[in-house]
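All chains are named by letter (A, B, ...) in the order of the sequence lines, taking the proteins before the strands, and each is independently numbered beginning at 1. These values consider heavy atoms only, across backbone and side chains, with no hydrogens, waters or symmetry-generated copies.
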Protein chains: 2
Amino acid sequence: MANGRIREAINTLKASGVRITPQRHAILEYLIVNMSHPTADEIYKALESKFPNMSVATVYNNLRVFKRAGLVKELTYGDSSSRFDFATTDHYHIICEACGKIVDFTYPGLDEVETVAEHVTGFTVKNHRMEVYGTCPDCKNNTIKN
Amino acid sequence: MANGRIREAINTLKASGVRITPQRHAILEYLIVNMSHPTADEIYKALESKFPNMSVATVYNNLRVFKRAGLVKELTYGDSSSRFDFATTDHYHIICEACGKIVDFTYPGLDEVETVAEHVTGFTVKNHRMEVYGTCPDCKNNTIKN
DNA sequence: TATTAAATAATAATTTTTATAATCTGCTTG
DNA sequence: CAAGCAGATTATAAAAATTATTATTTAATA
């Protein structure tokens with residue numbers, strides 16, 4: 001359940017000397033409970049009622065903190081704004097080019113790519129990112145679409 | 001050599017009814033000759049001398065045109081601005097998290113990922129994107145770095 | 001509970017990208 | 001090879017996202 005995840009995440013933060021503020025708790029909770037891939041602004045809007053005077057900068061700052069702690073991944077596409085994904089289990093994303101929908105899927109063992117890349121380039125590899133693009137079932141039906 | 005590539009790209013554009021303007025020619029040439037991953041602004045600055053009154057909007061517009069024609073791919077990272085890569089042969093990118101350097105490397109056959117994703121999600125897949133993150137040899141040496 | 005370093009809020013500023021409208025030009029047709 | 005038109009470019013302006021700044025507040029520690 002979500003509570004465990006939240007507690008776990010908070011411990012990770014505490015361990016690296018990050019203070020737990022109500023705002024941080026709320027942002028983490030939002031990410032974990034909703035299991036979505038929100039933009040910073042979506043998070044801000046969602047928490048506006050609980051924190052009437054929270055600042056957008058706070059959302060950005062904390063997402064950056066979470067990202068540095070490895071709790072959150074930033075997803076950037078060609079469009080306007082970044083999206084943020086709570087880094088639970090390893091999974092990849094498939095994105096509909098028509099409507100922008102993001103669906104998670106799992107795929108095992110792309111670690112070999114990292115190994116190969118290390119050998120070929122001399123880099124020390126930390127992680128990788130992979131996304132698949134296409135058209136979702138809904139948009140395939142709605143043929144009357146751009 | 002680069003000339004062939006440019007001519008080829010221009011034919012692709014003509015075939016899909018896109019006009020060849022001097023600006024478009026120059027942007028294509030820049031992408032192909034430099035084999036880099038420039039931002040729109042870098043392209044703009046590089047061509048400023050040849051086209052003293054070119055507009056940044058032109059660069060953006062044309063990159064979008066090229067992208068739609070499949071000649072160019074947009075690379076977006078967490079940082080500020082998109083980068084654009086002339087789509088030659090299939091290759092992936094490894095990015096240094098310390099200095100931002102982008103190095104190309106080839107890796108065969110990730111088509112299976114697309115197939116799996118199609119089956120699992122019901123999407124129709126068009127293509128995929130994959131990047132590896134780490135530290136480049138230069139930055140590994142310069143330990144005195146953020 | 002007092003202290004202090006870190007976090008927040010409230011702007012402001014920057015930066016990237018897109019929209020608009022007037023002017024210009026590549027390309028096709030006659 | 002000249003004319004005409006659809007599409008392209010310029011020059012702004014506007015929008016949108018993100019970062020910087022600074023005064024105020026607060027979480028965690030002793």
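- Rounding to whole angstrom units, OH of residue B:Y44 and C1' of D:dT10 are separated by 10 Å.
- Listed by first and then second residue, the salt bridge (Lys or Arg N to Asp or Glu O under 4.0 Å) pairs involving residues 57-74 of chain A are A:K67-A:E74 (not counting sequence neighbours).
- For A:N34, the CG atom counts as densely surrounded, since its 6.0 Å shell holds more than 12 non-hydrogen atoms of other residues, nucleotides or ligands.
- An OP1 or OP2 oxygen of D:dT9 is reached within less than 4.0 angstrom by a side-chain nitrogen or oxygen of B:N62.
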| Which is it for B:Y92 and B:H128 under the ring-ring contact (aromatic ring centres under 6.0 Å, His included) test, yes or no, and what are the steps along the way? | CA-CA 10 Å; B:Y92 299 107; B:H128 68 266; 5.8 Å; yes
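- Judged by distance alone, with hydrogens and angles left aside, the side-chain atoms of B:T76 form a donor-acceptor pair with the main-chain N or O of A:T76 at under 3.5 Å.
- Among residue pairs with one or both ends in residues 99-119 of chain A, those qualifying as salt bridge (Lys or Arg N to Asp or Glu O under 4.0 Å) are A:K101-A:D138; sequence neighbours excluded.
- Contact check for A:V59 versus A:L47: no side-chain heavy atoms found under the 4.5 Å cut-off.
- In this structure B:R83 satisfies the salt bridge (Lys or Arg N to Asp or Glu O under 4.0 Å) test together with B:E42, sequence neighbours excluded.
- Taking CG of B:N62 as the reference point, atom CE of B:M54 lies at 8.5 Å (rounded to 0.5 Å).
- For A:E48, the CD atom is densely surrounded, since the number of other residues' heavy atoms within 6.0 Å is greater than 12.
- Residues from residues 16-25 of chain A lying near DNA chain D, meaning a heavy-atom separation below 4.0 Å, are A:R19, A:I20, A:P22 in numerical order.
- Between B:H119 and A:F105, the gap from one ring centroid to the other reaches at least 6.0 Å.
- The other residues sharing a hydrophobic cluster with B:I102 are B:L75, B:Y77, B:I95, B:Y133, where clustering joins ILVMFWY side chains under 4.5 Å apart.
- With sequence neighbours excluded, no residue satisfies side-chain hydrogen bond (donor to acceptor under 3.5 Å, both in side chains) with A:N11.
- Within the structure, salt bridge (Lys or Arg N to Asp or Glu O under 4.0 Å) contacts touching residues 126-136 of chain B (residues at least two apart or in different chains) are A:E97-B:K126, B:R129-B:E131.
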For nucleotides 18-20 of chain D, print each protein N/O atom paired with a nucleotide N/O atom at under 3.5 Å, atom names and distance only.
residue	atom	partner	partner atom	Å
D:dT18	OP1	A:S82	N	3.2
D:dT18	OP2	A:Y60	OH	2.3
D:dT18	O5'	A:Y60	OH	3.4

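- In the helix from C:dT1-D:dA30 to C:dG30-D:dC1, the rotation axis of the first five pairs and that of the last five pairs differ in direction by 40°, rounded to 10 degrees.
- Of all nucleotides in DNA chain C having an atom under 4.0 Å from a heavy atom of chain B, the first and last in 5' to 3' order are C:dT16 to C:dC27.
- Residues that satisfy the ring-ring contact (aromatic ring centres under 6.0 Å, His included) test with B:H25, not counting sequence neighbours, are absent from this structure.
- Remark: A:I27 CD1 to A:F51 CZ distance equals 8.5 Å, nearest 0.5 Å.
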Under 3.5 Å, N/O pairs linking protein and nucleotides 23-25 of chain D:
none

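- Atoms CE (A:M54) and P (D:dT26) sit 15 Å apart, rounded to a whole Å.
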